[in-house]
Amino acid sequence: MIVQLRQPADVLQKRQIISVLQNLGYTTQPVRTHAAEYIVCIGSAAIDIRRIGVLPGVGDVFRVSDTYKLVSRKWKTRTSVIRLGDEVSIGSGTPVMIAGPCSIEHEDQVRSIVSHLKQSGIRIMRGGAFKPRSSPYAFQGLGLNGLKLLYRTCKEQGIYVISEVMEIGQIDQMYDFVDIFQVGARNTQNFNLLKALGSVDKPVLLKRGISGSIDELLQSAEYIFSSGNEEIMLCERGIRSFENAYRNTFDINAIPLLKAKSHLPVIADPSHGIGIREHVPDIALAAIVAGADGVMYEVHEQPEEAASDGQQTLNFEESARMQLRAARLIQAMQDSL
Ligand code: PEP
Ligand code: MN
């Protein structure tokens with residue numbers, strides 16, 4: 001159960017509400033986010049929730065019995081919208097594109113991709129500065145200097161930046177140079193990192209773990225929300241399966257399911273999802289049809305020369321063509337409503 005408090009919450013009323021809930025047998029966990037205050041109640045007391053609703057200081061009460069609560073659609077039936085400035089909103093009905101290289105490499109690379117994004121009308125650029133690589137001998141990313149380079153170039157052009165944070169210590173370093181923090185598939189259950197991102201006042205894109213279930217992804221999102229940050233996007237990026245004909249198995253089922261279970265926007269990552277350049281556009285379009293609120297994909301002027309993930313990275317021509325197909329598809333979907 002979620003008890004949403006009236007704002008600003010009165011300390012005495014809050015104490016009284018908690019004591020009533022505990023007397024009813026609930027374990028209570030107060031949650032204060034950047035946007036609101038809640039008491040999350042764990043337990044299965046069979047009560048008439050109106051008894052709670054009438055208590056002074058209570059704004060609303062919602063019965064949510066899942067292991068994740070604040071990210072559940074059971075209490076917040078409309079999709080949460082993430083806004084960047086006045087012009088970009090994610091989750092408001094029109095799928096948003098996020099594109100960029102797997103890794104930031106050098107200034108010319110960043111500039112050429114930024115101008116491709118400008119031409120395509122894409123407002124958010126991805127680019128890894130701290131890279132989680134399977135091999136310690138593979139390119140590890142340019143680190144903070146790469147992120148600063150990305151951010152500076154993007155800001156000149158009015159483009160927002162998303163980049164991966166791998167550990168708690170990087171949050172403060174990165175804060176001034178990102179608009180969205182990305183949590184990668186290898187860190188989906190790094191609960192200390194998730195809790196630390198709860199105190200950040202910037203959105204977080206949380207990827208599904210390599211072998212992570214839907215429930216695990218939602219519970220990880222709950223860690224961020226219950227630690228204070230409501231601005232979360234979920235990302236389907238493919239899971240590991242018995243199939244080895246492609247890098248990962250993009251789980252298209254996850255998209256409508258996550259949308260049904262949670263109010264958080266859902267982003268598809270077809271690049272890591274299939275890992276084969278020529279098929280990335282089809283998976284991106286399939287994800288849009290399945291209801292994704294956005295698509296994040298890898299693009300590079302010369303994918304063959306990319307420092308990482310070149311095999312799944314679109315060149316500018318492929319990216320522009322995919323944009324066109326996506327725009328037509330989105331229009332057709334909106335016309336048929
Ligand atoms: C990435 O986005 O470049 C990345 C490393 O993704 P994932 O965490 O999904 O493997
Ligand atoms: Mn990559």
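Sequence positions, counted from 1, serve as the residue numbers for this chain. Order of listing sets the numbers, starting from 1, for every ligand and every atom in it.
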*Does Cys102 offer a backbone N or O that forms a donor-acceptor pair with the side chain of Lys131 under 3.5 Å?*
yes
_Distance under 4.0 Å to a non-hydrogen atom of Glu298: what atoms of ligand 1 satisfy this?_
3 (O)
*Charged N to carboxylate O below 4.0 Å: is that the case for Arg277 and Glu304?*
yes
*Hey, does the side chain of His300 reach the backbone of Ala307 with a donor-acceptor pair shorter than 3.5 angstrom?*
no
*asked:* Donor-acceptor check, side chain of Asp293 to backbone of Val266, threshold 3.5 angstrom: yes or no?
replied: yes
*Measure from the side-chain N and O atoms of Glu318 to the backbone N and O of Leu314, and report whether any donor-acceptor pair falls under 3.5 Å.*
no
*Which protein heavy atom lies closest to atom 6 (O) of ligand 1, and at what distance to 0.1 Å?*
Lys207 NZ, 3.0 Å
_For Cys102, state whether at least one heavy atom is located under 4.0 Å from any atom of ligand 1._
yes
_Number of protein N/O/S atoms that sit closer than 2.8 Å to the Mn ion (ligand 2)_ = 4
*Would you say Ala185 has any N or O atom under 3.5 Å from an N or O of ligand 1, going by distance alone?*
yes
*Should Arg126 and Glu298 be marked as a salt bridge (charged side-chain N to carboxylate O under 4.0 Å, His left out) after you check the CA-CA gap, both sets of side-chain angles, and the distance that decides it?*
CA-CA 8 Å; Arg126 59 149 290 143; Glu298 292 178 335; 3.5 Å; yes
*Counting heavy atoms only, which of Met296, Arg247, Arg126, Arg237 comes nearest to atom 10 (O) of ligand 1?*
Arg237
_Check for me whether Lys202 meets the cation-pi criterion with Tyr175, that is, NZ or CZ under 6.0 Å from the six-membered ring centre and within 45 degrees of the ring axis._
yes
*Gln13 side chain to Leu5 backbone, donor-acceptor under 3.5 Å*: no
*Should you measure from each heavy atom of Glu164, which atoms of ligand 1 turn up under 4.0 Å away?*
5 (C)
_Which residues share a salt bridge (charged side-chain N to carboxylate O under 4.0 Å, His left out) with Arg325, sequence neighbours left out_ = Asp282
*In terms of atom number and element, which parts of ligand 1 are under 4.0 angstrom from non-hydrogen atoms of Gly184?*
8 (O)
*May I ask you to list the atoms of ligand 1 that are less than 4.0 angstrom from any heavy atom of Gln182?*
1 (C), 2 (O)
*Do any N/O atoms on His272 end up under 3.5 angstrom from N/O atoms on ligand 1?*
yes
_Angle between ring planes, Phe177 versus Tyr151, binned at 30° and 60°: parallel, tilted or perpendicular?_
perpendicular
